[in-house]
Visitor: 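My structure is below; once you've seen it, I'll send some questions.
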Amino acid sequence: MSTARETRTAPIARHGRLRRSSALMGFLSLVGASLAVLLVSGVAVAGITVTQLEGSIESVALIGEEDGPPPALGAYEGGFNVLIVGSDQCEQEGGCRDRQATLNDVNILVHVSSDHTNATAVSFPRDLVVPIPACPREDGKGNNSAMSAQPLNVALSHGGLACVALTLEKLTGLDIPFATMITFNGVVNMSTAVGGVTVCTTGPIYDPMANGLNLPSAGEHTIEGVQALGFLRTRYGVGDGSDLGRISSQQVFMSALMRKVTSEGVLDDPATLYRIATAATKSMTLSNSMKNVPTLVSMAQVFKNMDLSRIQFVQYPSTTGVGGVYAGKVAPIERTAKALMEKIKADEPFSVESTGLGSTSNDPAPTETPAPTETAPAAPATPPTDGATDAATPDPAAPAEPEVIKGLLGQSAAQNTCAKANN
């Protein structure tokens with residue numbers, strides 16, 4: 001697709017604009033945003049038959065995309081944004097009776113700070129009502145007209161992956177030069193290749209609308225293949241049965257996957273890495289800007305040593321139950337969304353207020369401290385000498401705790417959570 005858009009040349013500083021460094025290659029992702037698989041696949045590509053993987057990946061141009069030389073190997077310089085889309089594209093011979101159009105069911109924007117100390121994966125509800133800009137047709141023959149007040153998941157059918165990226169650029173004010181899309185079959189194959197993911201539920205979850213998902217009891221379940229896809233797709237089985245509940249249960253899966261690959265030696269197993277990479281490439285479409293192996297490896301290196309507590313999975317601030325154009329859909333919460341985007345653009349760490357509608361914390365409760373007993377008054381403290389610092393005095397040089405964004409829902413990759421069954 002050949003299109004025109006203003007050329008962006010601003011360098012990465014401490015903000016959300018990205019380096020326009022060249023044609024890049026492929027992040028290999030498990031539906032919408034699994035940073036763990038992005039990392040794993042990036043490392044895998046470095047040591048396997050590159051031409052085989054590149055040859056099996058379809059690619060498309062984003063709007064205004066420009067080619068350039070690949071970077072040298074090593075950690076990626078500066079920050080970057082990557083859009084990850086999960087598509088319900090029909091992959092059956094003869095078509096699919098339940099799908100007449102191809103929709104972007106999962107939409108996650110991953111932002112890595114320019115100093116590589118933190119990352120944020122923002123999930124956008126598929127039913128979020130947004131304006132869809134005029135997007136170039138995928139055949140390159142003109143543009144589709146702009147539309148107002150449309151659910152986000154129609155953007156893919158309106159102009160392909162490039163249109164999803166352009167829509168979210170307009171919504172967030174962030175530049176999105178890199179994008180990837182994976183289909184249902186890709187999720188099935190990749191979740192099996194990684195050896196399954198152990199998720200926790202607060203009760204039984206059964207959803208015949210989500211690939212017949214059937215988790216018969218509360219507790220932990222190791223899921224893969226079609227069952228993993230069903231868990232990621234289930235809406236009626238978790239939370240309040242809404243699109244927002246589904247997002248938080250997807251974050252349960254993604255954080256569990258992150259912990260799995262960083263704690264079980266997956267990164268040190270070339271055979272597993274190869275399976276993940278080859279499974280992903282069979283069902284992926286990349287922006288042309290991503291189809292470059294050195295950049296894939298460079299981006300992967302950024303995540304390799306990042307603390308899981310500094311990787312946040314968040315829900316784009318939104319709500320249901322609003323009338324007018326939002327009736328039966330999802331409306332943005334503009335004040336909270338603005339606060340989130342300001343933090344991302346400034347590359348500042350932040351914390352969420354709580355998990356979402358479809359999840360709850362499963363971390364052990366803190367141990368209660370016994371009540372103090374009466375004792376004799378303590379002797380006055382002796383002032384420190386020889387430059388020693390009183391242990392009770394806060395260190396002014398210590399980094400401040402990340403600010404909590406009021407109303408923001410989500411969790412860190414380090415946080416252990418359970419999907420909340422919709423009983």
Side-chain angles (χ1 to χ4, degrees), residues 30-37 86 88 98 105-106 108 121 123 125-126 184-266 272 276 279 308 313-315 320 352 354-368 409-423:
L30 189 52
V31 77
S34 172
L35 293 175
V37 174
D88 69 350
D98 61 335
D105 261 5
V106 177
I108 302 179
S123 293
R126 69 172 194 174
F184 285 172
N185 282 353
V187 177
V188 170
N189 295 334
M190 290 182 68
S191 61
T192 300
V194 80
V197 177
T198 300
V199 296
C200 166
T201 67
T202 62
I205 296 177
Y206 174 64
D207 186 355
M209 302 292 290
N211 302 88
L213 177 66
N214 186 10
L215 303 178
S217 62
E220 293 188 339
H221 309 269
T222 299
I223 57 176
E224 62 180 70
V226 173
Q227 197 173 41
L229 175 61
F231 185 86
L232 288 164
R233 290 189 67 201
T234 185
R235 171 175 178 171
Y236 302 109
V238 295
D240 62 350
S242 73
D243 193 26
L244 304 186
R246 169 166 48 193
I247 284 177
S248 47
S249 69
Q250 288 172 346
Q251 292 171 347
V252 170
F253 182 96
M254 291 187 290
S255 61
L257 176 57
M258 287 289 294
R259 295 192 297 274
K260 176 186 176 75
V261 299
T262 55
S263 65
E264 296 185 11
V266 172
T272 300
I276 295 170
L308 293 182
F313 295 104
V314 303
Q315 174 184 301
T320 56
V352 301
S354 65
T355 62
L357 294 170
S359 64
T360 186
S361 176
N362 193 39
D363 285 324
T367 303
E368 292 187 5
L409 305 179
Q411 66 170 90
S412 76
Q415 188 177 357
N416 188 5
T417 52
C418 289
K420 199 181 291 184
N422 183 19
N423 297 321

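One-based numbering along the sequence shown.
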Visitor: What's the separation between atom CZ in F253 and atom CZ in F313, rounded to the nearest 0.5 Å?
Guide: 11.0 Å
Visitor: Hey, is the main chain of P204 close enough, under 3.5 Å, to the side chain of T201 for a donor-acceptor pair?
Guide: no
Visitor: Which heavy-atom pair separates A228 from I223 by the least distance, and what is that distance?
Guide: CA-CD1, 3.9 Å
Visitor: Is a side-chain N or O of S248 found less than 3.5 angstrom from the main chain of G358, in a donor-acceptor match?
Guide: yes
Visitor: Is any side-chain heavy atom of K260 closer than 4.5 Å to a side-chain heavy atom of T198?
Guide: no
Visitor: Distance check, rounded to the nearest 0.5 Å: T234 atom OG1 versus N422 atom CG?
Guide: 8.5 Å
Visitor: Going by heavy atoms in the side chains, are V106 and R126 under 4.5 Å from each other?
Guide: no
Visitor: Do you know the tightest heavy-atom contact between L244 and Q315?
Guide: O-OE1, 3.4 Å
Visitor: Would you name the heavy atoms of V197 and A256 that are closest together and state the gap between them?
Guide: CG1-CB, 3.8 Å
Visitor: Going from CG on L215 to OH on Y206, what distance comes out if it is rounded to the nearest 0.5 angstrom?
Guide: 12.0 Å
Visitor: Where do S242 and L357 come nearest, in terms of heavy atoms and distance?
Guide: OG-CD1, 4.1 Å
Visitor: Who pairs with Q415 by side chain to side chain contact (heavy atoms under 4.5 Å, CB included), at least two apart in sequence or on another chain?
Guide: T355, S361, D363, Q411, S412, T417
Visitor: May I ask you to decide if Q251's main-chain N or O and S255's side chain share a donor-acceptor pair within less than 3.5 Å?
Guide: yes
Visitor: What distance separates C200 SG from N362 CG, expressed to the nearest 0.5 Å?
Guide: 4.0 Å
Visitor: Can you list every salt bridge (charged side-chain N to carboxylate O under 4.0 Å, His left out) pair that touches residues 234-255, not counting sequence neighbours?
Guide: D127-R235, D243-R246
Visitor: Quick one: does N211's side chain get under 4.5 Å of F231's, heavy atoms only?
Guide: no
Visitor: What's the shortest heavy-atom distance between A419 and V238, and which atoms?
Guide: CB-CG1, 4.4 Å
Visitor: So, does S359 use its side chain to make a donor-acceptor pair with the main chain of V252 at under 3.5 Å?
Guide: no
Visitor: Taking all heavy atoms of Q250 and all of L232, pick out the closest pair and write down the distance.
Guide: NE2-O, 2.7 Å
Visitor: Can you name the one residue among V314, L409, I108 that meets side chain to side chain contact (heavy atoms under 4.5 Å, CB included) with S123?
Guide: I108
Visitor: Taking only residues two or more places apart in sequence, or in another chain, which ones meet D207 in a salt bridge (Lys or Arg N to Asp or Glu O under 4.0 Å)?
Guide: none
